[in-house]
Each structure stands twice: as structure tokens, then as C-alpha cells.
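Below is one structure, written out as C-alpha cells; comments come after it.
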Amino acid sequence: MSATLHVHTTHLQFTNGLEVVAVEGNTVGECLNHLIRQFPQMEKALFAKKDKLLNTIEIYVNSASAYPNELGKSIRDGDTIHLLVALAGG
Amino acid sequence: MALNRKVAIVDLTSGTIEKKPIPLEVRKTFLGGRGLDAYLLYKYAKPGCDPLGPDNVVIFSAGILGATLASASARTHVMGKSPLTGMVGSGNLGGFFAPELRWAGFDHIVVKGKAAKPVYIWVHNGEVEIRDAKNIWGKSVTECQWAVREELGDPDIKSAVCGPAGEKMVRFANVMTGIKDAAGRTGMGAVMGSKNLKLVAARGTMDIKIAHPREALENDKKFIDQIVSAKVNQTQGELGTPFIWGATNSWGGLRTNNFQYNQILYADDVEPERIDEIAAETMGKYHMAACFGCQVHCRAKYKIPPSPLAEKFGVVGKYDEGPEYTSQGAFACEPGCTSADTVLIGNHLVDQYGVDNLEIGSIISWAMELYEEGILTAKDTDGLDLRFGNDEALIEMVHHVCNRDTRLGDILAEGGIRAAEKIGKNAIKYLIHVKGMSNLHSDERATPGLALNIATASRGSDHLRSRPAIDLYHLPQEVMRKIYSSPVPYDGPLSSDHREYVGKPWQVFWHEQCYMAVDCLGICKYHTVFLGATLPNFEDWPRVLYYNTGIEMTPQEIWTVAQRCNNIERLFNIREGFKKDDPYKGDVLVDRYHDEPARRGAPDVIGATIDREKFKVMRAEFYQHEGWDENGIPTPETLKRLGLENLDKEPSRI
Ligand code: SF4
């Protein structure tokens, strides 16, 4: 499945400035792995440890929160994934 | 009935107490909590009064949903004219006081005048008494709560108190309840101290009749699901508010060394995970606690571990709760310290003295910069080496400010603007404030929307009045449009990019109404869209309100109440000297926001400043959304629409 992934502004430093990245996978987790294969620095920006997203990372699929079990959420062709970061300003 | 609670007007000068009902019309106009407090402040405080004189008032209140089946209906609001800013003084605390006040029969206690000697107010089952406080005056925040329980023979009494800092009229002293619940920021504890009022104790067994109990319970179950299923609240339940601090520091959004940097390095020891570890080590695996009716439980319990610093100050093993992310700001990034011990000790001291952690951390950090700049010398500090990163000097200064027992401590206890006048030598240039209140420890240079929020908030630099915190999340456009186009239509620009200026005035305006509504209802902001886009907002509140109280209101009507109450706060500030561009009382940022680029952090932060001209355009647009003129004054049409055109002349509706 192919999806469009929107990168948070603060992660543009890890995606060569790309705001939107094409990713492939049957689940959010697979799509994120594909993202990391393209941009390895994104791994540290998203994951606390293997298979555990950082507490401050939220995933939206088609404008709805994918929490809980974000990584297992299935993806269909044409879906849109947004990576959110709970910075909140201190 | 949830609506039959009364207002008590307590005059400490004459000793008289009046009890007044709250007419339904007044309920529908102001709801309760902060909204009705704003009206009472406007009507009962003498215009132009000395905030520490008898003509000021201090008001304690519960929201209209207090102690009902609504989740986290725990919040207490405290209001008066601020001795720190000379403008709106307001603080909001969690814990268990507001529900007890309602069970004791009251929603608002308005205290005016000044007692000849220390007193406390005892509220119980419809009765209000003024009692001698000779046995509790001088005691710490927790000691005085236990003392009054013992004196009145009831261990379940809940009290809203001023600590030793309030007694000494430190201008940013808090009103406190429990271990750490604080109505902070604007010095309401100092107003209590100025009135010789040590505490308000409440205990009641009067039922609150829920209008539609079955529906209220059913609805609350859905509400709780919505609240606890948000990732942000699951995380808060694990790590508390410090979780925000860690990510924001990595990004470069924290005011450091006063405001010289925007990120603290080598800060692993104050990261949320480390603080959580200490809480687990000292209190066990299950160490998170909650306020009345809350399922999020965002506060950690901890004991101060042994360390040279804790030993020096005699606080090893002392129990406390938190620390909130504000204490990480006050005792880590702002003074340039990197030790969890310092954060936990500082947090404990402010809780016991009853003083605002943000203000005291900010003002000591400001003094540190003055010291490093040579504006303050060792003579001024009584030999204290007040350099950034000196943990011991920081903690020592906390004591001196709260006790006012050194010359510098006494000066800093007066708040930034007064202290800058006393110190002279252009010390004001280094003070990071809005309207005389220190900024949160966050750096808003990369976030124009958040900068507009702190510049225009009614009580001074403030993250809880109108902060569009979710602006930093990079929400999908569709989600933003859904949130910000309701309950009043909006089809103007909205940007998910936190660096943008467009669309931000509307977001700030929207959040201002949202947070006022929350404060009128008396629920916790973490149960709302404040930190999570999926959390309840205007569309969800009418049902909670109706099922619990029987009052039927649309989301738009709740919005209008919020706007009305925000406008009363604006009118109060205008009455007390607000001028749009006044550096001490205006809707402005200090020069450093505009002139000094951020030096650390992610690429989207480094180099950021707030553009002066674009800021003015944002502010002007914000005024337009508010229905204010180009000077930030509500227009006659706005006042008429909100029913405030006769606010000055009308007799008090209560
Ligand atoms: S989320 Fe935290 S502050 Fe809010 S009511 Fe719950 S425990 Fe209290």
C-alpha cells in the first residue's frame, strides 16, 4: 500500500527538508520503517525503543488519531499519515 | 440542587457576613468559577485600590460543575487585584477544596476589608464564621491545614491557605491546598496575607442534587473514555506534566540562563524519565495521584532522596508531589541547573512556603544574569555567588525571598518591575515579563501564536489563558478546521506551521474563550482540547452542563458567556491602567523576543525572533476578532452585544 506521510516541521532536518514523503506498507509501523529506510535519522526522532514510539509522538491517519496500537493500524492505498509531536511549549 | 449554592460576602474589617443566592439569570450570564469571580471582582474591588490594602478583595470559588458527576470537577479559582501586576489577579488550583466548598453550601466566598489580627474563615453546612488564627498563623502550607483540622476536630476539612510567603506579602505568593495544589502566578496569597487571613476551611455534608443523574453518569462514562484514551493523557498518567518539558528542551523551546539560551545541555538528570525513576524508587511503582474526580492522575508522589544539597537544607526524605514541568523550568533551565535534587528540593520549598515556582525561579534567574553582568555585586547578595548553575545559591535565595530576610531577598519579593526600579542600572532590560508577570520558562520566539498569547493574556505572561499549545503539534488541516470553526464560524486562514503568523490571532482568540469556559465550569484543562486535539471542547460541554445542573445552553451560548467574562477582565485591566503599548501594562513583549535570535535547538528554532511589524499585525487582527478597537478597548457595540454596557453603573447583580 502507498501512503502520503506528512513530516513535522522539527523533523525536516532529518528528511532533507521534505515535508511530504511517499511511504509504503500495510500498517503504520511498516510505513514508518519505510520512512526510516529512506531517512535513517528519523528512527531516533520517533522511537524510544524498537516497536515503542516516543511518548511525545502521535500518529494521525486520515486526520484521525491512530492511538492506541498506532503501529498496528492498517493502511490502505492513498491514506494520509501525519506525524505529530507534543511539544506544547514547555 | 447543583445550583442552590450561595455567595458569601465576608467583611473582615467589620466582621459582617452576608449570604446571597445566585439567581438563575446570573448563572446563565456568567456560569460560575472564574467568570462570576471576574464580575464580583469588578464590582467589589474599589477602582484603583492598593492590591495589598483593605479595598481589594480576594474571592474563592468553585465552578458550576464543581463536585458533580463531571470528571475532574475539582478546580478552585481565586481572584483579586494582583499585587504583582496591579491588574487582574487570578489563580486556579486542583485538589479537593472546591468540592468541599460546594458541599458546605457555597460557590463563592468574597473576602473584603482587613482583620485587626490573624483570622481564618470556617465554612460548614451553610454557615460561615470568622475565627481567631492565633494557633495557625506562621505555619507552613501543610502544617496549617493539619492544625485547623485538629482545632476543629475534623480530619476531612479542606482548606485554601496562604503560606509563610503570603503572610510576608511576597507579591507572588500563592493560595495553596493539599500538598502542592497552587493558585499561582499573581500573588493571591499575598492578598490573603495583607488581610490577615490565613485560610478558608471548608467541610460540608450538603448533597448536590444532580439534575439528570442517570444521563449524567452515562454521559460521563463516554467523557472519561474520551479523556483517558488520548495519548497525551496516558502519558501524563505515567510521567505527569514533566513529559512536555523533555521534548520541548530537545527541540529548543525553553528559556535558559534567564533568557540567554533556549535549551539546557547535559540535562539528563532532570528529564521526565529520571524524575519518574526517583518517584518510583522513593514511593513505589504506583506513585501517581489525582485531584477530585480525575482519571488522568498526573501528579507524581516523591520523597527527596539523600544528597549533599538536601542534607544542607535539612529536607532529606521530605514528602511532596509533582514536580510539575514548571518546577523543571524554575529550578533547572532558567537558573541553568541540571540536577534532579535541585528541582525536587525547590519544588518542595515553594509548596511549603506557598509561593509561585515560575515567578521565584524566573526572578532569581534574572538576578543571576544581573550578577553575571555586574549590576548586582557580592555586596548586594551578602556574599552569595549568584552565578548560573549554582544550585546551592538558588535554593538559598528561595529561602531569602520567601522570608524577606536579606536585602536582596526582600527586593526580589516585590516582583520584577518594583525590584528593577530599586536595583536601577538598567536592570529592567534583563527582566523577562509581560505586564509585570514573569514568563513561563518557555521560549516563544519560534512560535508567533504562543508569543501573541503571552503578550495579550489578561493576567500577564501566561500559558493558561489563551495558549494555542496544540499549534506546535502540526495538526492536519482538516483537524484544525474542525476545531477552530466551531462553535462560531471561521473560514479565514489556519496554518499547521508553528512558525507562521497567519491564522494565529484566531487560534489565540479561540483558546481564550475555550479556557475561560473551562474555568467557569470548574474542570481541569487537561480534560479539554488544551493539550489534545481529540479531547472535549465546546461541542461536548452542553450535555455535561445540562445533565448535571439542568441548565440548557448551546455551545455558542457557552462561548458568549466566556467572551463576556473575558471582556470583564479586559475592562478591569483598562480600569487599572492598561495601555496597549505600555511596557509595564500593555500587550507587548520585551525587546529580547524581537532583537535576540534563538541560539540553540532544532533548525526550525535557531535564529528565530518575533518580527515587530508582523507581531503588531497579529495583535491588531486579534483585537478585531475580540471586537476591540485599535487600542485594544472593547467597542460600545461589543459591550452591548455582551450585555456589559452598564457594567460600571449597574448595582451588583449579587
Ligand atoms: S489531570 Fe492532573 S491536574 Fe488535572 S484534575 Fe487530573 S490530576 Fe488534577
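- Side-chain contact of B:Ser466 with B:Asn453: a donor-acceptor pair under 3.5 Å is present, judged by distance alone.
- For the pair B:Arg599 and B:Tyr261, the distance from NZ or CZ to the six-membered ring centre is under 6.0 Å and the angle to the ring normal is within 45 degrees.
- Put simply, of B:Glu478, B:Lys482, B:Glu238, the one with the most heavy-atom pairs under 4.5 Å next to chain A is B:Glu478.
- The cationic group of B:Arg445 lies under 6.0 Å from the six-membered ring centre of B:Phe259 and within 45° of the ring axis, placing it in a cation-pi geometry.
- In this structure, a donor-acceptor pair under 3.5 Å is absent between the side chains of B:Tyr515 and B:His463.
- When heavy atoms are compared at a cutoff of 4.5 Å, A:His6 does not approach chain B at all.
- Across A:Glu70, A:His82, A:Gln13, A:Glu58, the residue that shares the most heavy-atom pairs under 4.5 angstrom with chain B is A:His82.
- Neither the backbone nor the side chain of B:Arg255 has a heavy atom closer than 4.5 Å to any heavy atom of chain A.
- Most heavy-atom pairs under 4.5 Å with chain A, from the set B:Ala602, B:Pro603, B:Ala230: that is B:Pro603.
- Of the atoms belonging to B:Ser250, not a single heavy atom falls under 4.5 Å from chain A.
- Under the 3.5 Å distance criterion, with hydrogens and angles disregarded, no donor-acceptor pair is assigned to the side chains of B:Glu500 and B:Ser495.
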